[in-house]
Amino acid sequence: MVQAVGRKKSCKEILLDKKILTDEQILKVEEEVKKSGTLFQQCVIDLKLVEKGQLLKLLSNEWVVKAIDLSVMDVDPEVAKIIPKQSVKRYNAVPFAKEENILFVAMADPRDLFAVEDINLRTGFQVQPYLAFPEDIKIVVDKVYGAEDTQQSEEEEDKPAAPTTTASAAELADDAKELTAELIAGLDSGDEIQVDKNREESSDIMQVDTSAPEVEKLVNAIILEAMRLKASDIHIEPFEKKFAVRYRVDGDLRRATFKIPMSFKQALIAKIKIMSGTMNLTERRIPQDGRIQVKARGKPIEFRVNIIPTIYGESAVMRILDRSGSSAKLEQLGFLPDTIDKFMACLAKPFGLILVCGPTGSGKSYTLSAALAAVRDPAEKILTAENPVEYNLDGVIQVQVNPDLKMGDKVFDFGMALRSFLRQDPDVIMVGEIRDRETGQIAMEAAMTGHLVLSTIHTNDAPSAVSRLSEMGIHTFLVANTTECILAQRLIGTLCKSCKEPDPNPPEDLIKMLELKKIDYSKATFMKMHQGGCPKCGGRGMKGRTAIHELLVMNEELRRLCIKESSVGPIRDLAVKNGMRLLVEDGLIKITMGMTTFEELMAAAN
């Protein structure tokens, strides 16, 4: 992993400080750099102002990196081709030797820590960078790939790109990686930072020039890295002697591959406040909330921002709301065939209440959005009350409630939105969350009067939702008569498809539980993580997440029980008797399908 982004002197600064070149010679080199487009150190050699060996040794000492003269070496083409050709061209780097799991790479700029990290991820080797001159690298590349091939590649690069409005996730990830490295490399922690207060609210972060103000480069680099990692949250955290950035990816926090200089601490938070347009720049004593809208090559991305004061400064968390993620389909959410058939049958009913439950971060909002997309019909009116609106849905009227907005004694919360919805002649209503008696009561009355109502509730499993609604003070006859089904879910990590391998000896506890739950595993495909993972999963062995589900479908027997009894135990027992599959059982079946591991399941559904 890359441990820090420390700024080291440029070749120009070194030659000036050491008084090896005069100001006139420096100007002459800079003119040559503009004409040829090559690196400064290469132009110094081409102009014969410094001997090649002397400059190589000088830069090696100053940058604290080993050097290699490729002109006196014969590089094995098979070793050189370990790095993809695109990366060789992008980073001006070529491998010249390998030893066990170490790859020795000649680089024109070994200070480029993002290039080192990217090569590490792409190859799976531990990268040992060496300083080399660009012309020597080019000669090796020409020998390996052929000069004509290299020239053709450069010509294709120079061609103007076809106009595009939006970009795929893969394209954005690649572009984000390259631009992040470029932006971070341009940071100068020694300069005074000026915050630009005239930033437009919704700008395209892929268009930020590297000559932009330093703090703007840094904010965009942080966002671009989140896009590359497909993170759900960005955590910017101040400590006594460091300022850290972490990303939540697949439910786990990962440290950024770079560190932020302490001198950027206040300016970075100030820039985030300015980008929100609503936060108080001078207030550092109380928590603040805001939103930021940006674009990445036409792709809209919104952030929900919360900033809190800590003993070492302000800490920010940015939740990423991908507005273009509205194409979710229920079939992609990990449902087993019989579960999705039952759920779709409930969604097809003209009225009733459908609840999705689970803890924070279990994907409830995403499932609701996919459910709405499934029932969307031009002949019906669909209204949603959300806080915030996370996914844009075509053909759906979406309303963002704002409890902080008051008019007299009226508060614009879920309850007020629901009351207004009933006067809008809707067919389907979605309310973000039932968290109090008023919202629950109105939702159920709407379900009784001919509307299909979808909502979420915070409980650990499906039977607990009935008990929770009863505890809110909602009459049990309302709960029993309006509820059509309750879907509980959790998110669990999945094995990397590129490197997972068969597990001939699954854990004994897993076999015992499969037998206890009477799950047939005679045709099971047990899989396990590959030790050390692979480049595609970043060496973790796990990549992505899927959901495990527990679907309680109401019938007359369950309704009669719920009217008399709201305790979780009896409701769960009767639901299981009527065919409900528990969360852990759903997960066990997915283990037999080779999707995940026993450890992942126990961590999520124990």
Side-chain angles (χ1 to χ4, degrees), residues 5-71 88-94 106-116 129-142 150-151 153-155 157-158 178-194 196 207-218 220-221 261 263:
V5 179
R7 184 183 182 275
K8 295 175 182 176
K9 291 181 180 179
S10 66
C11 179
K12 171 185 170 182
E13 292 169 336
I14 293 169
L15 293 173
L16 279 173
D17 290 348
K18 300 288 184 181
K19 297 182 179 178
I20 295 174
L21 295 184
T22 64
D23 290 340
E24 291 180 0
Q25 289 174 317
I26 290 291
L27 288 174
K28 185 178 180 181
V29 175
E30 287 179 335
E31 288 177 4
E32 183 63 24
V33 168
K34 291 179 181 178
K35 290 179 183 176
S36 64
T38 57
L39 291 180
F40 191 92
Q41 56 263 38
Q42 185 63 53
C43 289
V44 172
I45 300 300
D46 293 343
L47 294 171
K48 299 180 179 180
L49 298 175
V50 181
E51 289 186 2
K52 182 178 180 180
Q54 179 189 355
L55 183 57
L56 199 62
K57 184 177 180 180
L58 177 64
L59 294 178
S60 173
N61 292 335
E62 287 290 330
W63 290 346
V64 194
V65 65
K66 295 178 182 179
I68 184 74
D69 187 353
L70 291 177
S71 63
V88 168
K89 184 172 178 294
R90 179 183 299 172
Y91 299 129
N92 209 350
V94 65
M107 303 179 65
D109 186 3
R111 299 173 300 167
D112 188 349
L113 301 182
F114 281 89
V116 175
Y130 276 69
L131 171 66
F133 285 113
E135 185 60 29
D136 293 340
I137 293 173
K138 183 177 184 299
I139 291 171
V140 172
V141 173
D142 287 349
T150 304
Q151 183 179 358
S153 161
E154 289 174 354
E155 288 174 356
E157 168 116 330
D158 292 336
E178 186 174 357
L179 188 53
T180 302
E182 189 178 359
L183 293 172
I184 286 289
L187 293 179
D188 183 352
S189 59
D191 290 347
E192 183 180 355
I193 298 164
Q194 298 292 332
D196 178 13
Q207 304 301 321
V208 175
D209 195 304
T210 53
S211 65
E214 304 259 292
V215 70
E216 184 171 344
K217 291 184 197 176
L218 184 54
N220 283 277
S263 58

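Hydrogens, waters and symmetry mates are skipped; everything else that's a heavy atom, side chains included, is used.
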Out of curiosity, L15 CG to S10 OG, how far, rounded to the nearest 0.5 Å?
-> 8.5 Å

From the list I68, L55, L70, I139, side chain to side chain contact (heavy atoms under 4.5 Å, CB included) with F133 holds only for L55

Check whether any side-chain heavy atom of P134 lies under 4.5 Å from a side-chain heavy atom of L39, and answer yes or no.
-> yes

Can you tell me how far the CD atom of E13 sits from the CD1 atom of I26, to the nearest 0.5 Å?
-> 10.0 Å

Nearest-0.5 Å distance, NZ of residue K28 to CD of residue E31 | 9.5 Å

Without swapping roles, check the side chain of E135 against the backbone of Q42 for a donor-acceptor pair under 3.5 Å.
-> no

Heavy atoms only: give me the nearest I137-A108 pair and the separation to one decimal.
-> CD1-N, 3.4 Å

Beyond-backbone contact of L59 with Q41, side-chain heavy atoms, under 4.5 angstrom | yes

With E30, which residues qualify under salt bridge (Lys or Arg N to Asp or Glu O under 4.0 Å), at least two apart?
-> K12

Within-4.5 Å side-chain heavy-atom neighbours: V33 and V29 = yes

Which salt bridge (Lys or Arg N to Asp or Glu O under 4.0 Å) pairs, counting each pair once, include a residue from residues 55-66, with sequence neighbours left out?
-> K18-E62

Do L58 and I20 come within less than 4.5 Å of each other through their side chains, counting heavy atoms only?
-> yes

Enclosure of D17 CG (heavy-atom neighbours >12, cutoff 6.0 Å) = yes

Approximate separation, where rounding is to 0.5 Å, of W63 CH2 and D109 CG | 5.5 Å

CG (L56) and CG (N61) are apart, to the nearest 0.5 Å, by 10.0 Å

Student check: side-chain heavy atoms of L47 and Q25 closer than 4.5 Å | no

Please list, chain by chain and in numerical order, all residues satisfying side chain to side chain donor-acceptor pair (under 3.5 Å) with K52, sequence neighbours excluded.
-> D69, S71, D136

